Each structure stands twice: as C-alpha cells, then as structure tokens.
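When a ligand or atom number is given, it counts from 1 through the structure's own listing order. Because the structure is predicted, anything quoted here is derived from the model rather than measured.
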Amino acid sequence: MKVLVINSGSSSLKFQLFEMPQEKVLVKGLAERIGEKIGKFKANDFVVEKPLATHKKALELLTEYLLNPENKIIDSKEEIKIVGHRVVHGGNKFVEPTLITAEVKEKIKELFSLAPLHNPANLTGIITAEEIFPKAKQVAIFDTAFHQSIPVKNHKYAIPEKFYEEGIRKYGFHGISHQYVSREANKRLGKEKSRLITLHLGNGASATAVWNGKSYDTSMGFGPMNGLIMGTRSGDIDQSIIFYMLDKMGYSSAEVQNILNKKSGMMALAGSNDLRDIETAAEKGDEKARLALEMYAGAIKKYIGNYIAQMNGLDALVFTAGIGENSDVVRKMVTDDMNYMGISIDSNKNKNPQKYNGDISDASSQVKVFVIPTNEELEIAKQSYNLVAK
Ligand code: AMP
C-alpha cells in the first residue's frame with residue numbers, strides 16, 4: 001500500500017512516498033520557497049526551479065512526477081491510499097494518530113494560538129492534499145502526542161490553577177522523533193521496559209526521559225523555546241529577564257519573542273547556528289566558540305542528571321538529529337566525566353558510530369550509548385498505516 005507523508009511548512013513542503021508495510025522509500029523530496037518569485041521542487045533526482053505560487057502547485061508538480069510513465073511510480077492517483085501529515089501541536093486533544101475529519105481540522109485551527117508558526121502551515125498541507133488526493137485517507141500525526149503520557153507532576157506548572165484550566169502546561173515537541181528513536185533503542189536493548197534518555201539535537205533541540213516506552217518528562221514545555229540551548233533559541237532562562245527586557249529596557253513583547261526565538265542560543269553565543277562552523281572556530285582557538293560548546297553540552301548534562309534522578313537509573317542514552325547524529329565533539333563533551341552515572345563511550349566508536357551499529361559505549365559502560373538516525377517520515381508512515389490497516 002502506498003503511503004504519502006507530508007510535512008508542510010509555511011513556505012515549504014517535504015514529502016516521502018512509502019510502500020508499506022515494507023517501509024520502502026519510493027520518492028523523497030521537497031518544494032521550497034513556495035509563494036516566492038522562484039521556487040524549487042525536488043523529487044528523487046528530478047529538480048526544477050520555477051514559481052510555486054501555492055502549496056497546491058507543489059503537490060500538483062509532485063503528482064505529475066509520480067504519474068510520469070518514465071518514472072514508473074504510480075499509474076493513477078488512487079494508488080495512494082493514505083496521506084500522513086505531520087502536525088506540530090495537538091494540544092491535549094490529540095494523543096494518538098487521528099483520521100482527519102472536518103471536526104479534526106476545526107480543532108487543529110483552534111490550536112493555532114499555541115503554534116502560530118506551524119499549525120496554520122500544517123493545516124494548509126492537509127487541505128491541499130485533500131483536494132489533490134480526494135480518495136486517500138488523510139491522517140494526522142502530532143508532534144506533541146507522544147508526550148501526552150507525561151504525568152501531571154511533570155507537565156503542570158506551579159502557577160494558579162486557572163492557567164492550567166486554560167491549557168497552560170508542558171506539551172513538549174519532537175515527539176515523533178523521540179518515539180521513533182526510543183523504539184529503535186529498545187529493539188537494540190532487546191526489551192520494551194527500559195529507562196532511556198533520548199537527545200534530539202538539531203537546530204531545535206530537546207531531551208526526553210522515556211520510561212517503559214512512554215514519555216515521562218521532556219525539556220521543551222508550553223512552547224518550543226524552553227530546555228536545551230538551541231541553534232537560535234535560548235533554552236531555559238530566568239523569567240525575570242523577560243520582564244526586565246519589557247519593563248526596563250523598553251522592548252515590545254514581539255521583540256522579546258523574536259530575540260529569544262531567533263537571535264539567541266548558539267547564534268548569540270558564537271555568532272552562528274551551524275555547529276560545524278562553531279566546532280571549526282573552537283578548534284582554531286576561538287574562545288567564544290569554545291565557551292558556546294561548553295554551555296551547549298553543559299545544558300544537556302543537566303537534563304541527563306535530572307532524568308537519571310527521576311527514573312532512578314538509565315539503560316541507554318540516545319543521540320539523534322543533525323548534531324546528535326554527526327557531531328562526535330558534542331557527544332564526547334556530553335558524556336565526558338559521567339562514569340559516576342555509569343556512562344562512558346569508546347572514542348574510536350564515537351568517531352564512526354555506523355561501523356558499530358550505532359553503539360558507541362565502551363566495554364565498562366553500564367549505560368548503553370547509542371547514535372540512532374531519526375526518521376520522522378517513516379514513523380509517520382508507520383503510524384498512519386497502522387491506523388488505517390487496523
Ligand atoms: P537538523 O535540524 O536535525 O537538520 O540539524 C541541524 C544541525 O545539525 C545544524 O546545527 C548543523 O550544523 C548540524 N550538523 C549537521 N551535520 C553536522 C556535522 N557533520 N557535524 C556537526 N554538526 C552537524
């Protein structure tokens with residue numbers, strides 16, 4: 001059965017077509033700069049640059065590519081039975097994969113205020129896919145859903161009850177990724193009941209404590225700025241700083257939001273949000289870059305300590321996403337001096353994790369340390385397929 005996965009952003013649309021349940025990738029690509037003068041569309045080896053006025057134009061181009069007899073992918077659009085959509089915010093309404101109906105779309109709309117940058121774009125993707133693939137079942141997979149298992153003691157803030165009733169609580173993000181890599185880690189451990197810490201370290205970053213397959217705590221909160229230091233987001237800061245910026249320094253709330261979201265994190269500390277540049281600068285002796293890396297790894301260590309304390313132990317620590325998968329420097333800094341916690345890695349394995357099936361722990365480590373490439377698209381395909389095939 002063919003399952004199309006769509007991750008729709010405000011000016012981009014990423015897609016993958018899978019043959020399920022074989023998990024075979026038939027087409028992978030993206031449309032970029034939608035709505036701008038010149039857009040770019042890429043599907044497998046096919047690339048074209050031309051105006052893509054709307055998301056619909058991008059999906060039409062994809063259909064043309066899929067139906068082109070030369071590409072031998074599908075003979076008719078009806079072969080695509082399921083379209084799985086990534087939806088960033090499901091609030092506390094959505095805890096599992098959900099078949100999209102008019103009511104579901106209405107609820108996704110109600111959540112616009114919680115994810116103003118993402119949910120509107122995700123809904124556009126859904127509406128467009130319904131137009132182009134009217135016969136397919138449309139399924140929503142929510143980035144917050146995996147974290148709905150976080151117990152109240154970990155998702156409630158210590159502020160007056162009326163705010164909790166209003167929906168102010170920890171939601172957490174990157175759930176699709178944390179769920180995927182935690183399941184892969186459990187396969188490697190050979191058990192489903194385990195204590196894991198999964199570190200999704202990309203441009204956005206979050207740490208999750210996964211206890212017996214369920215999210216138990218996570219570093220992002222009501223929004224995605226909290227927790228670890230990220231590419232351009234601050235991570236944890238003292239709330240009083242915000243009031244100082246607003247009341248004493250005269251910044252508007254939109255300006256503060258922009259500073260903490262787009263101008264902070266590694267960008268503020270080291271002048272770049274690309275970790276490769278920062279590593280190179282640090283190697284050359286740049287003090288700012290070195291300090292930035294130390295703070296970055298330090299923030300992660302604090303969450304590891306926190307989650308080990310909460311779960312009273314740890315079976316595996318998992319690194320994933322752009323930085324987690326590729327930076328041996330960050331992995332080393334995060335795991336250095338952690339033998340008290342039972343964590344120690346093999347420096348050779350750390351340089352080349354693929355060669356060791358992603359297991360970089362050394363022989364003495366009580367805790368397994370894994371590097372597992374995330375695959376959010378496959379996770380969406382699997383969850384959508386399982387829902388419809390049930
Ligand atoms: P993502 O958001 O998952 O695409 O990750 C983006 C981040 O991964 C950026 O900060 C990149 O600099 C970082 N990254 C990608 N490749 C490497 C690499 N080989 N070494 C270090 N960082 C990398």
Side-chain angles (χ1 to χ4, degrees), residues 5 7-16 28-30 32 42 86 88 117-118 121 143 172-182 184 198-208 218-220 224-235 261-284 286 288-300 318-336 345 347 349-355 358 360 369-380:
V5 172
N7 185 352
S8 178
S10 55
S11 66
S12 69
L13 195 145
K14 285 193 218 157
F15 50 82
Q16 275 192 45
K28 183 176 177 176
L30 83 162
E32 294 173 280
K42 189 172 181 299
R86 174 175 185 233
V88 165
L117 297 178
H118 296 100
D143 225 10
F173 300 89
H174 297 137
I176 300 166
S177 177
H178 288 294
Q179 185 168 20
Y180 176 80
V181 296
S182 60
E184 287 298 308
T198 50
L199 301 169
H200 178 105
L201 309 177
N203 213 2
S206 60
T208 297
T218 193
S219 60
M220 282 179 170
M225 273 194 264
N226 209 57
L228 308 179
I229 295 174
M230 310 179 209
T232 62
R233 295 180 219 150
S234 63
N261 233 328
K262 305 251 171 77
K263 300 209 156 73
S264 297
M266 297 306 263
M267 180 63 99
L269 295 173
S272 167
N273 65 335
D274 192 319
L275 203 90
R276 286 163 288 202
D277 296 344
I278 301 170
E279 284 179 4
T280 312
E283 259 170 44
K284 288 183 183 154
D286 183 326
K288 276 192 176 170
R290 198 196 50 73
L291 177 65
L293 284 175
E294 228 170 76
M295 288 173 68
Y296 184 85
I300 299 169
V318 183
F319 287 91
T320 195
I323 295 167
E325 290 166 29
N326 295 300
S327 173
D328 56 299
V329 173
V330 164
R331 291 193 299 258
K332 176 175 182 331
M333 291 179 82
V334 168
T335 52
D336 261 354
I345 63 168
S347 51
K349 293 181 180 172
N350 184 36
K351 293 259 184 233
N352 196 354
Q354 293 86 345
K355 204 170 148 194
I360 61 168
V369 183
F370 295 133
V371 179
I372 300 179
T374 194
N375 195 338
E376 288 162 295
E377 289 76 16
L378 176 59
E379 184 65 32
I380 294 170

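With respect to atom 6 (C) of ligand 1, the closest heavy atom belonging to the protein is N203 N, 3.7 Å. The nearest protein atom to atom 20 (N) of ligand 1, hydrogens excluded, is given as R276 CG, 3.5 Å; this is a heavy-atom distance. For atom 14 (N) of ligand 1, the closest heavy atom belonging to the protein is G322 O, 3.7 Å. N326 CB, 3.3 Å is the protein heavy atom nearest to atom 18 (C) of ligand 1.
The shortest N or O to N or O distance between G202 and ligand 1 is not under 3.5 Å. Checked against a 3.5 angstrom limit, the closest N/O atoms of G204 and ligand 1 fall outside it.
Considering L269, L201, L228 in turn, L201 is the only one that fulfils the side-chain contact (heavy atoms from CB on, under 4.5 Å) rule with Y296.
Shown in contact with I323 at under 4.0 Å from a heavy atom are these atoms of ligand 1, numbered in order with element: 7 (C), 8 (O), 10 (O), 13 (C).
For D286 and K284, the salt-bridge test fails: no basic side-chain N is under 4.0 Å from an acidic carboxylate O. Contact check on D336 versus K332 returns a salt bridge, with a Lys/Arg side-chain nitrogen under 4.0 Å from an Asp/Glu carboxylate oxygen.
For the 3.5 Å distance criterion, the side chains of S206 and H178 qualify, holding a donor opposite an acceptor.
For atom 4 (O) of ligand 1, the protein comes within 4.0 Å by no heavy atom at all.
Pairing each heavy atom of S8 with each of A121, the nearest pair is OG-O, 3.0 Å.
Proximity of N273 to ligand 1, defined as any heavy-atom pair under 4.0 Å, is confined to the backbone N, CA, C and O atoms.
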